[in-house]
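For ligands, and for the atoms within them, numbers begin at 1 and follow the listed sequence.
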Amino acid sequence: MTVYAIIGGTGLTQLDGLRIDAEIVMETPYGAPSAPVLRGDYAGRTVLFLARHGHPHRIPPHQVNYRANLWALKQAGAEAILAVNAVGGIPQAMPAGHFCVPQQIIDYTYGRAQTFFEGELQQVTHIDFSEPYDARLRAALIAALRSEGAAFSDHGIYGCTQGPRLETAAEILRLERDGCDLVGMTGMPEAALARELELPYACLALVVNPAAGKSSAPITMEAIEQVLAQGMSTIRSVLTRVLLG
Ligand code: HPA
């Protein structure tokens, strides 16, 4: 049985229903992960959970130690990763409250430690990242969203920005010209690091606001939090379906 690890993003700092049997506090060669890795029983399956921004939520996207997080999950026994990400929606087809299982990423981040393959190496390694997300995990998320009757898109391009500030309207237009449907700050280097560790990885994205310039209303944390709160029960149901899959 696959041991899934869930990386919870903004709004998902703990997993209700997870009967925790271990809080694994780990130091990795890359430093400490965002929080202890929780190992527990979720609907009869062993599941690992890590709060990407810490619990309570305190680490901004550009300061998350993505390498330590992925390393710790692998050490704890993860065999596949389901990442949950709150994002901005760029086209009209991605309104607040909409879900998306992206199939591609464009990385606009900078200055983040983005590889395990550096330093004293036996050989230089270039991973194949043509398809950044795992097809089987994507299919499982899509099937679960369909069963839940959620409003969702079964594909999309995730543009990962550096943050922590939100984008300018012109930056969003540029991302749109590049083909991005979603904008978030945490998709990379997380996905690439998972690939380097040969961990299948997929993203369940919840649109929490129209991206900058896409709505006349300013983007407020209050509005985002409201959408997050509404989306969380669907996220939990979708994750449960995939875990039980
Ligand atoms: N931009 C970048 N990251 C985000 C957004 C956004 O509009 N909403 C949630 N995460």
Side-chain angles (χ1 to χ4, degrees), residues 6-13 34 50-66 69 82-112 114 132-133 141 145 150-153 156-192 201-235 238:
I6 293 164
I7 302 181
T10 305
L12 191 67
T13 53
S34 300
L50 179 61
R52 183 186 289 117
H53 300 279
H55 180 52
H57 187 294
R58 64 190 164 85
I59 309 168
H62 65 294
Q63 290 186 322
V64 169
N65 189 337
Y66 296 94
N69 285 355
L82 299 168
V84 181
N85 300 74
V87 297
I90 298 178
Q92 276 188 355
M94 300 275 175
H98 196 76
F99 288 90
C100 182
V101 182
Q103 90 285 15
Q104 278 294 334
I105 309 176
I106 300 180
D107 187 3
Y108 301 92
T109 67
Y110 46 87
R112 299 185 182 189
Q114 53 182 334
Y133 298 114
L141 286 169
L145 283 161
F152 74 101
S153 301
I157 301 181
Y158 180 123
C160 189
T161 56
Q162 175 68 359
R165 67 166 175 83
L166 293 163
E167 298 70 35
T168 66
E171 286 168 335
I172 292 299
L173 288 177
R174 173 186 167 214
L175 265 65
E176 191 167 32
R177 286 194 297 274
D178 285 353
C180 295
D181 301 290
L182 310 172
V183 56
M185 299 175 190
T186 50
M188 286 292 283
E190 196 173 270
Y201 176 101
C203 163
L204 172 59
L206 169 61
V207 178
V208 293
N209 59 280
K214 293 293 177 185
S215 154
S216 50
I219 303 172
T220 65
M221 289 308 289
E222 294 73 46
I224 287 178
E225 273 156 22
Q226 203 177 341
V227 180
L228 270 171
Q230 282 164 2
M232 272 313 132
S233 72
T234 303
I235 287 178
V238 166

Report task. Hey, could you give me the OH/CE distance between Tyr66 and Met188, rounded to the nearest 0.5 Å? Result ->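 Separation between the atoms: 10.5 Å.
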Query raised in the report: Do Gln114 side-chain atoms and Pro189 backbone N/O form a donor-acceptor pair below 3.5 Å?
Result: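 Looks like no, no N/O pair under 3.5 Å.
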**Report entry** Polar side-chain atom of Arg112 near backbone of Val64 as donor-acceptor pair, under 3.5 Å
**Finding:**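 Looks like no, no N/O pair under 3.5 Å.
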Query - Which segment of Val87 sits under 4.0 Å of ligand 1 when only heavy atoms are counted - result: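 Val87 to ligand 1: backbone contact only, side chain stays beyond 4.0 Å.
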Query raised in the report: Counting only heavy atoms, which portion of Asn209 has something under 4.0 Å from ligand 1: side chain, backbone, both, or neither?
Result: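 Only the side chain of Asn209 comes within reach of ligand 1.
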Restricting to non-hydrogen atoms, name the atom on [X] and the atom on [Y] that form the minimum distance, rounded to 0.1 Å.
{"X": "Ala191", "Y": "Tyr201", "answer": "CB-CE2, 3.6 Å"}
{"X": "Val87", "Y": "Gly184", "answer": "CG1-CA, 4.3 Å"}
{"X": "Ile219", "Y": "Pro210", "answer": "CD1-O, 3.6 Å"}

Protein contact to [atom] [nearest heavy atom, distance to 0.1 Å]:
{"atom": "atom 4 (C) of ligand 1", "result": "Val183 O, 3.6 Å"}
{"atom": "atom 5 (C) of ligand 1", "result": "Gly88 N, 3.4 Å"}
{"atom": "atom 1 (N) of ligand 1", "result": "Glu167 OE1, 2.8 Å"}
{"atom": "atom 10 (N) of ligand 1", "result": "Ala86 O, 3.4 Å"}
{"atom": "atom 6 (C) of ligand 1", "result": "Leu166 CD2, 3.4 Å"}

